[in-house]
Amino acid sequence: MAEIRNYTMNFGPQHPAAHGVLRLVLELDGEIIERADPHIGLLHRGTEKLAETKPYNQSIGYMDRLDYVSMMCSEHAYVRAVEKLLGIEAPERAQYIRTMFDEITRILNHLLWIGAHALDVGAMTMFLYAFREREDLMDAYEAVSGARLHATYYRVGGVMLDLPDSMPKYKPSKWHSEKDVRRMNQNREGDLLDFLEDFTNRFPGHVDDYETLLTDNRIWKQRLVDIGVVSPERAIELGFTGPMLRGSGVEWDLRRKQPYAAYDKMDFQIPVGVNGDSYDRYLVRMAEMRQSNEIIRQCIDWLRVNKGPVKVDNHKVTAPSRSDMKENMESMIHHFKLFTEGYCTPRGEVYSAVEAPKGEFGVYMISDGANKPYRVKLRAPGFAHLAALDEMSRGHMLADVVAIIGTQDIVFGEIDR
Amino acid sequence: MTDVTTALAWLPDFIEPLLTWLPIWAQILVSSLLKIVLILVPVLLGVMYLTFAERKIIGYMQVRVGPNRVGPRGWLQPIADTLKFLTKEVILPTNANVYLFIIAPMLSLVPALAAWAVVPFLDGWVLADIDASLLYILALTSIGVYGILVAGWASNSKYAFLGAMRAGAQVVAYEIAMGFALVGVLMAAGSLNLREIVLHQSGGLFQWYWLPLFPLFVVYFISGVAETNRAPFDVAEGESEIVAGFHVEYSGIAFALFFLAEYANMILISTLTSLLFLGGWLSPFDGLDWLTELPVIGLLFGNGLHWLLIKISLFLLFFLWFRATFPRYRYDQIMRLGWKVFIPVTLVWILVMGFAMFYTPFGHWFH
């Protein structure tokens with residue numbers, strides 16, 4: 001009998017379903033996966049090392065670039081780590097703003113995930129629907145920080161600026177008449193909170209639309225049910241967090257278990273799955289989007305009535321106001337010191353973790369008392385998930401690998417760091 | 001065999017005196033060539049604008065506008081695409097089998113076009129009015145898959161190879177379901193000739209075969225979608241798994257030929273479904289004399305080519321609608337659907353039909 005050899009296939013790094021730069025070496029028996037070997041490192045930028053060479057404030061921007069679809073959550077973990085080192089606490093309004101933007105980020109991330117996941121499974125319309133809603137949230141990002149993706153909005157000791165009291169508006173152009181522009185600007189007449197409230201009113205309807213397209217779709221179910229099953233015990237052993245863990249039925253959410261920011265004052269539920277397959281993880285994430293929408297709504301209500309400072313008054317850590325700086329010698333010095341040397345932190349080590357959309361994003365930091373951290377270690381949820389790819393996809397077919405990569409919600413910025 | 005009068009049958013009158021100086025065989029040859037041009041030019045134009053329609057219609061389904069830059073509202077887009085394909089380099093992969101690699105696109109396009117020879121557009125408007133036209137169609141649509149298989153093999157690429165294997169298995173499975181669906185039509189019409197099948201359905205909307213042969217109608221059209229490798233059965237291309245499947249190594253005009261074949265097949269399947277199950281050029285108001293005898297609009301309500309075109313467009317719209325709506329099946333699920341659902345459904349319905357036609361008083365429903 002002739003020797004039968006397995007078929008080895010290179011999947012990626014340039015592949016439409018590789019979600020960036022994943023390189024998978026697949027060993028196939030026909031179309032059945034015998035072994036899936038993920039190769040990482042093609043997007044390694046040395047973020048941890050870079051953060052060790054810069055004053056604390058200057059690394060916030062790097063955090064955006066880790067998981068580039070859940071920017072502010074990574075920032076949150078980082079600024080909380082530094083705050084812990086310094087022993088300061090952001091003002092309450094800043095906590096609520098952070099909570100609100102964490103949830104906006106969660107929706108942003110899950111929208112991209114559902115779009116990409118559906119596209120991987122072959123339903124391309126979903127992608128464009130999801131991007132339609134992302135656009136509004138990106139506008140919210142832009143309104144507070146000036147940037148649509150890499151916001152760098154959270155600062156040690158609070159947030160950069162208070163919420164804006166007006167939204168940027170569309171202007172008539174060759175492509176959009178006065179009438180179009182009036183219609184497009186309808187929800188932009190008030191401030192950012194009005195704009196977001198309008199979004200929270202619309203968004204559950206949009207999620208209903210997505211669910212109409214997918215949830216009961218026979219093909220969608222055939223492609224996801226019983227694909228990549230992970231038992232609760234195994235999920236914990238593998239270090240899963242976030243929807244990947246909750247999809248397996250483990251009720252673990254840092255927002256509830258170790259509340260940070262304003263989450264202890266929020267009323268929300270934690271959806272969990274039953275079977276631990278891709279379909280359950282899909283349902284969990286869909287339910288999470290609805291919950292996030294509720295949290296945003298609660299934050300809006302609170303932020304409307306409670307004004308106050310959005311960063312701590314200690315100008316060793318936060319920048320003084322512009323006008324102060326022009327008139328006050330001390331503020332001038334503070335400003336200069338903050339943006340050149342930064343500030344020193346007490347010796348010690350901290351770990352701060354947030355429930356990022358993909359799972360537990362943690363920052364571990366050791367300070368030797370200098371103005372930059374001695375060591376930074378970032379705990380990216382996607383890394384643990386990708387490590388389980390081999391186990392999840394073994395015995396499935398080639399097309400299922402794509403579905404599993406989709407359900408893991410892989411982003412290479414955070415895995416390669 | 002063919003004589004000059006049948007060869008000239010539906011060509012305009014002024015052609016005949018122009019040809020009289022030629023020998024008989026040449027007259028037949030020239031008039032047949034003219035007919036081929038008359039059929040293929042609209043088909044190829046249809047293909048071009050089907051790509052445009054697809055991008056526009058799916059665009060609107062996805063709340064975007066689609067191509068709108070080339071020419072007024074994007075209407076010249078297909079021409080720009082063609083020019084682009086023509087001017088691009090055809091890359092021959094180093095280890096490809098050059099001969100097969102080049103012949104594969106032709107192998108898939110030629111049957112898609114040749115099948116039009118037996119398609120009747122109106123009573124008598126057909127290039128070759130042969131008695132076994134249904135068999136001819138079945139044979140040619142099966143040959144089309146050789147193009148895909150050969151392309152996948154000759155490319156010497158693992159992705160292309162997987163795509164070819166998938167396409168081969170899929171087409172075999174759905175060919176059988178399609179064949180059985182055609183057996184039902186054959187039983188109902190008592191003829192293998194497409195023209196006679198259509199004429200058998202005359203008498204208005206409810207005389208068409210879609211009603212008595214409803215399960216076969218559905219199976220035939222869905223198998224047709226699978227046969228043309230369109231979403232949700234596009235595993236041979238499998239965009240997100242095997243990138244472009246069998247044509248991953250093709251570029252320029254060689255790729256365009258595959259593209260052309262796919263769209264020509266879509267139009268062909270739509271046309272056949274219209275002919276076999278929706279009465280082809282027959283009007284749904286056939287039989288309502290008061291309506292068809294109205295002065296001007298009576299012509300519209302009567303039988304005519306426009307009805308065939310409307311029906312074809314309807315099915316083509318379904319093709320695009322499927323693509324915008326459904327996720328892609330997995331390869332083994334396609335097989336299961338073909339073998340375990342479609343083939344039993346068609347078989348059972350054929351039995352039901354046969355029994356009803358010969359042993360029950362309801363036989364006339366199926367005639």
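When reading the values below, keep in mind they use all heavy atoms of this one structure, side chains included, and skip hydrogens, waters and symmetry mates. Every chain is numbered from 1 and lettered A, B, ... according to where its sequence line falls, protein lines coming before strand lines.
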Does any backbone or side-chain atom of [X] lie under 4.5 Å from a heavy atom of chain B? Answer side chain, backbone, both or neither.
X	answer
A:M397	side chain
A:R223	both
A:E31	side chain
A:I227	side chain
A:L28	side chain
A:F11	both
A:V402	side chain

Taking everything shown except A:R202 itself, do over 12 heavy atoms lie less than 6.0 Å from its CZ?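 Enclosed: over 12 neighbouring heavy atoms sit under 6.0 Å from CZ of A:R202.
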
Exceeds 12 heavy-atom contacts within 6.0 angstrom, atom NZ of B:K84: no

Most heavy-atom pairs under 4.5 angstrom with chain B, which of A:L119, A:D400, A:L213?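 With the most close heavy-atom pairs to chain B, the winner is A:D400.
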
Report the option among A:L398, A:I219, A:L214, A:D120 that has the most heavy-atom pairs separated by less than 4.5 Å from atoms of chain B. A:I219

In terms of the angle between their ring planes, are A:F199 and A:F203 parallel, tilted or perpendicular, with boundaries placed at 30° and 60°?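 Aromatic pair A:F199/A:F203 classed parallel.
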
Lys/Arg cation over aromatic A:W175: B:R69, 6.0 Å, 45° cone: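 Pair B:R69/A:W175 counts as cation-pi.
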
Would you kindly check if the NZ (Lys) or CZ (Arg) of B:R166 is within the cone defined by 45 degrees around the ring axis of B:F246 and under 6.0 Å from the six-membered ring centre?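 Geometry flag: not set, cation outside 6.0 Å or 45°.
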
Side-chain ion pair, A:E211 and A:R290, N-O less than 4.0 Å: yes

Salt-bridge present (A:R188, A:D198; N to O < 4.0 Å): no

Which region of B:R64, side chain (C-beta onward) or backbone (N, CA, C, O), has a non-hydrogen atom less than 4.5 Å from a non-hydrogen atom of chain A, or is it both or neither?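 For B:R64, the contact with chain A is made by the side chain alone.
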
